[in-house]
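Working notes for the structure below.
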Amino acid sequence: MTQNAMNFADAPVGAFELLAQDGAARLGRLKTAHGVVNTPIFMPVGTVGSVKAVAPDDLAALGAEIILGNTYHLYLRPGDELVQRRGGLHNFAAWPRPILTDSGGFQVFSLEGLRKITEEGVEFRSHLDGSKHLFTPEKVISIQRNLNSDIMMVLDECVPFGAAYDYTAKSLELTTRWALRAREAYPRGAGQNLLFAITQGGFHKDLRSESVAQLREHDFDGFAIGGLSVGESKEIMYDLLAHTAPLLPAHKPRYLMGVGTPLDIVTGIGMGVDMFDCVLPTRNARNGTLYTSLGKVNIKRKEYAEDDSPLDPNCNCYTCRTFSRAYLRHLFTAQEILSYRLNSLHNLTYFLDLVRGARKAIAEGRFAEFQAGVEALYA
RNA sequence: GGUGGGGUUCCCGAGUGGCCAAAGGGAACAGACUGUAAAUCUGUCGUCUUACGACUUCGGUGGUUCAAAUCCACCCCCCACCA
């Protein structure tokens, strides 16, 4: 193991090593320019260069290994060139550990009505001031290079749940062409930033297969599954995930984008996914829903008004060590700023503990049991 | 003591004869949130287990009217200014 670790220290950026496997679940590590990421991993989302309500030193203390930023948001404000002049996003945001940036592909989906898709790219209308901007696969690489993210994502089209078969088929081909243009704009060896491709295919297994087939032979550092959790049922999502995950190259990291709930994450790990990101722990923290070892807790409920017990007796985070449910409910009800911070600290701890627990379970060959435990709580 | 203004459902506050169980906001209670246009959004919010329904409400009492939170009379309270 020590020998192994030594070898990995010398491994080039982009190296991905599988250390153990338990069923389809994988334990691994990925080397980036700003450090090693242990997988399976959950990546807190910091869209505009900040994990909302949580400072970098807190994140580090929580054991966050890698966070997300967003190309679209940072390009609009403060501008990727401004960030570049300040030494890149790591320096600008005082986060020395790895950063993955989303390409703006999700905004193709979420800003429907404010964008127009063509072969060349996506024309966006800024949600901030209405100004027009063109995102091409090449432009998006350039922005992410300016941000200097450790893992860059290719521009893709994320199609909505109800999308027609023909549209989805054409869209997946476009996403492939865009991915190849991105790779061409940033050839291997041109820098230390990794580049991940994104598979699409909507809600048809044959299209999912086709998308993977078109991308998997190309030279990307990792492969993502995009376009899931966009309004479909869990059954449908898990069915497609079970179909798609095994098709991805085994020797590269697999990233399920934008997912998910504790149950989704554990299910994904069980199907061989290595990386996850989701706004859920931080957004729900700000909206009063907290994840605990006892299940979901909606902290604003009246029943907690005089509950002096900790939020989660099995959690060792600052929030749970220090405050009562009654106080947390009070802070939330009073809309105190501290509420957002304490709730976010806890939820992120829960999600990070979840993947740490999963890694341990895989290493010890008892992942199925671990998964069953989470299912009992959150299914 | 005089003049003017006012008392509306938990709070603030619209409503001046029927379309009013009564706008809107707040509070309260509950729910949603999945590559963040989200410290956001939705629902309930007089009582009757559900309501197309029934019943009780708009300071008090009495009256006018087919019909009153809305009109009239008297009474009670509050506010402003003047004495």
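Order of the sequence lines fixes the chain letters, A, B, ..., with proteins taken first and strands second; residue numbering starts at 1 for each chain.
- Residue contacts shown for Thr289(A) include a base, since a base heavy atom lies under 4.0 Å away.
- No donor-acceptor contact under 3.5 Å links the side chain of Asn70(A) to the base of rG35(B).
- Nucleotides of RNA chain B nearest to Gln335(A) and Met237(A) differ in position, and the one nearer the 5' end is that of Gln335(A).
- If you take CG of Asp277(A) and C1' of rC33(B), they are 15 Å apart, rounded to a whole angstrom.
- Straight-line distance between the C1' atoms of rC79(B) and rG62(B): roughly 27 Å, to the nearest whole Å.
- Rounded to whole Å, the C1' atom of rA83(B) lies 39 Å from the corresponding atom of rA68(B).
- Residue contacts shown for Asp264(A) include a base, since a base heavy atom lies under 4.0 Å away.
- By the 30° and 60° cut-offs, the orientation of the rings of Tyr72(A) relative to Phe124(A) is tilted.
- Phe42(A) has its side chain within reach of Phe351(A): a pair of non-hydrogen atoms, C-beta onward, lies under 4.5 Å apart.
- Each of rU34(B), rC33(B), rA37(B) was ranked by its minimum atom distance to the side chain of Asn284(A); first place goes to rC33(B).
- Under the Watson-Crick or G-U wobble criterion, with both distances below 3.5 Å, rU49(B) has no partner in any strand shown.
- Below the 3.5 angstrom threshold, one finds a donor paired with an acceptor across the side chain of Thr282(A) and the base of rU36(B).
- Using the six-membered ring where Trp is involved, Phe220(A) and Phe223(A) have ring planes that are perpendicular, over 60° apart on the 30 and 60° scheme.
- The C1' atoms of rC81(B) and rU65(B) are separated by 39 Å, rounded to the nearest whole Å.
- Met153(A) is listed as a side-chain neighbour of Ile151(A), based on a closest heavy-atom distance under 4.5 Å.
- Straight-line distance between the C1' atoms of rG25(B) and rG59(B): roughly 24 Å, to the nearest whole Å.
- Counting any heavy atom pair closer than 4.0 Å across all strands shown, Ser339(A) reaches no nucleic acid atom.
- Nucleotides rC10(B) and rC29(B) place their C1' atoms 13 Å apart, quoted to the nearest Å.
- Checked by atom type, the side-chain pair Ser149(A)/Thr101(A) shows a donor-acceptor distance below 3.5 Å.
- As rounded to whole Å, 19 Å separates atom P of rU34(B) from atom CG of Leu354(A).
- Contact between the side-chain N/O atoms of Thr47(A) and the OP1/OP2 oxygens of rU36(B) is found at a separation under 4.0 Å.
- rG24(B) is paired with rC12(B) under the criterion used here, namely a Watson-Crick or G-U wobble arrangement in which both key atom distances are under 3.5 Å.
- Nucleotide rC81(B) forms a Watson-Crick or G-U wobble pair with rG2(B), both donor-acceptor distances falling under 3.5 Å.
- Judged by Watson-Crick or G-U wobble contacts below 3.5 Å, the nucleotide rU56(B) has no partner.
- Within the 4.0 angstrom heavy-atom criterion, only backbone atoms of the sugar-phosphate kind lie near Leu68(A); the bases stay farther away.
- Leu280(A) comes within contact range of the sugar-phosphate backbone alone, with a heavy-atom separation under 4.0 Å but no base atom that close.
- Under a 4.0 Å N-O distance rule, the pair Arg216(A)/Glu210(A) does not qualify as a salt bridge.
- Comparing rG13(B) with rC19(B), their C1' atoms sit 22 Å apart, to the nearest whole Å.
- If you take atom P in rU44(B) and the same atom in rG7(B), they sit 29 Å apart, rounded to whole Å.
- Screening Leu311(A), Leu290(A), Ile337(A), Leu328(A) for a side-chain contact (heavy atoms from CB on, under 4.5 Å) with Leu342(A), the sole residue that qualifies is Leu328(A).
- Note that OG1 of Thr136(A) and CH2 of Trp178(A) are 9.5 Å apart. Values are rounded to the nearest 0.5 Å.
- Partners of Phe16(A) according to the ring pair (Phe, Tyr, Trp, His ring centres under 6.0 Å) rule, which considers only residues two or more places apart in sequence or in another chain, do not exist here.
- Here rU70(B) sits opposite no nucleotide as a Watson-Crick or G-U wobble pair (both hydrogen-bonding atom distances under 3.5 Å).
- Paired with Asp80(A) under the rule side-chain contact (heavy atoms from CB on, under 4.5 Å), one option of Thr71(A), Ile143(A), Leu89(A) passes, and it is Ile143(A).
- Using atom P as the reference point in both rG24(B) and rU36(B), the two lie 35 Å apart (nearest Å).
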What pairs of nitrogen or oxygen atoms, one from the protein and one from nucleotides 28-31 of chain B, lie under 3.5 Å apart?
| from | atom 1 | to | atom 2 | distance (Å) |
| --- | --- | --- | --- | --- |
| rC29(B) | OP1 | Arg329(A) | NH2 | 2.6 |
| rC29(B) | OP2 | Arg329(A) | NH2 | 3.4 |
| rA30(B) | OP2 | Lys302(A) | N | 3.3 |
| rA30(B) | O3' | Arg301(A) | NH1 | 3.3 |
| rG31(B) | OP1 | Arg301(A) | NH1 | 2.7 |
| rG31(B) | OP2 | Arg301(A) | NH1 | 3.4 |
| rG31(B) | N7 | Lys300(A) | NZ | 3.3 |
| rG31(B) | O6 | Lys300(A) | NZ | 2.9 |

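- Residues of residues 194-202 of chain A having a heavy atom closer than 4.0 Å to RNA chain B, listed by number: Ile198(A), Gln200(A).
- A ring-centre distance under 6.0 Å is not found for His204(A) and His243(A).
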